[in-house]
Amino acid sequence: MSAGITRIVMMTFKSNEVETFINIFKESQALIQAFPGCNKVQLHKNIDDPCIMYTVSLWDNDECLQN
C-alpha cells in the first residue's frame, strides 16, 4: 500500500488580493476534495507574512493528482 502524496503549493499575493483568494479557496475547497483520490485540501497562512499562503492537499497517488 502506498503512503500517498502530499502536495504543497506556496503562493504569494499582493496584500489587496489576499481576501479574494481566501474566498475563492473557500468556494473551491469542497469541489477539489470531491476529486477521486483527494483526501483533504487545506489552506495555510504564513505566520510572518500574511501575503504568503500554502495549499496542502493529500492524494492517494500520482494518477489521482494528475487527473
Side-chain angles (χ1 to χ4, degrees):
M1 177 182 227
S2 174
I5 295 175
T6 300
R7 180 176 190 238
I8 302 170
V9 178
M10 184 182 90
M11 297 162 281
T12 304
F13 296 93
K14 295 178 184 173
S15 59
N16 63 328
E17 296 173 340
V18 170
E19 287 304 314
T20 300
F21 176 75
I22 291 171
N23 290 332
I24 291 169
F25 179 83
K26 287 179 181 178
E27 292 172 3
S28 304
Q29 185 176 16
L31 296 171
I32 296 166
Q33 285 184 183
F35 277 97
C38 182
N39 299 300
K40 183 181 252 186
V41 62
Q42 298 175 314
L43 180 64
H44 297 273
K45 296 179 189 178
N46 184 293
I47 195 166
D48 297 320
D49 185 342
C51 293
I52 298 175
M53 297 191 188
Y54 303 86
T55 58
V56 179
S57 54
L58 306 177
W59 297 85
D60 288 342
N61 55 50
D62 187 57
E63 182 180 355
C64 293
L65 174 61
Q66 297 305 320
N67 287 333

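- Expressed to the nearest 0.5 Å, how far CG of Leu65 lies from OG1 of Thr6 amounts to 10.5 Å.
- Within the structure, side-chain hydrogen bond (donor to acceptor under 3.5 Å, both in side chains) pairs that include any residue of residues 19-37 do not occur (at least two apart or interchain).
- Nearest heavy-atom pair across Ile8 and Val56 is CG1-CG2, 4.2 Å.
- The environment of Leu31 atom CG is dense: over 12 non-hydrogen atoms of other residues, nucleotides or ligands sit within 6.0 angstrom.
- Ile32 and Ile24 are members of different hydrophobic clusters when ILVMFWY side chains are connected at heavy-atom separations under 4.5 Å.
- Among pairs with a residue in residues 27-67, none fulfils ring-ring contact (aromatic ring centres under 6.0 Å, His included), at least two apart in sequence or across chains.
- Under the 4.5 Å side-chain contact rule for hydrophobic residues, Phe25 and Met53 share a cluster.
- Across all non-hydrogen atoms, the minimal contact from Gly37 to Cys64 is CA-SG, 3.6 Å.
- In terms of the side chain to side chain contact (heavy atoms under 4.5 Å, CB included) criterion, residue partners of Asp49 (sequence neighbours excluded) are, by chain and number, Asn46, Cys51, Ile52.
- The line from CG of Asn61 to CD of Gln66 is 10.0 Å long, rounded to the nearest 0.5 Å.
- A search for ring pair (Phe, Tyr, Trp, His ring centres under 6.0 Å) contacts involving Phe21 returns Phe13, not counting sequence neighbours.
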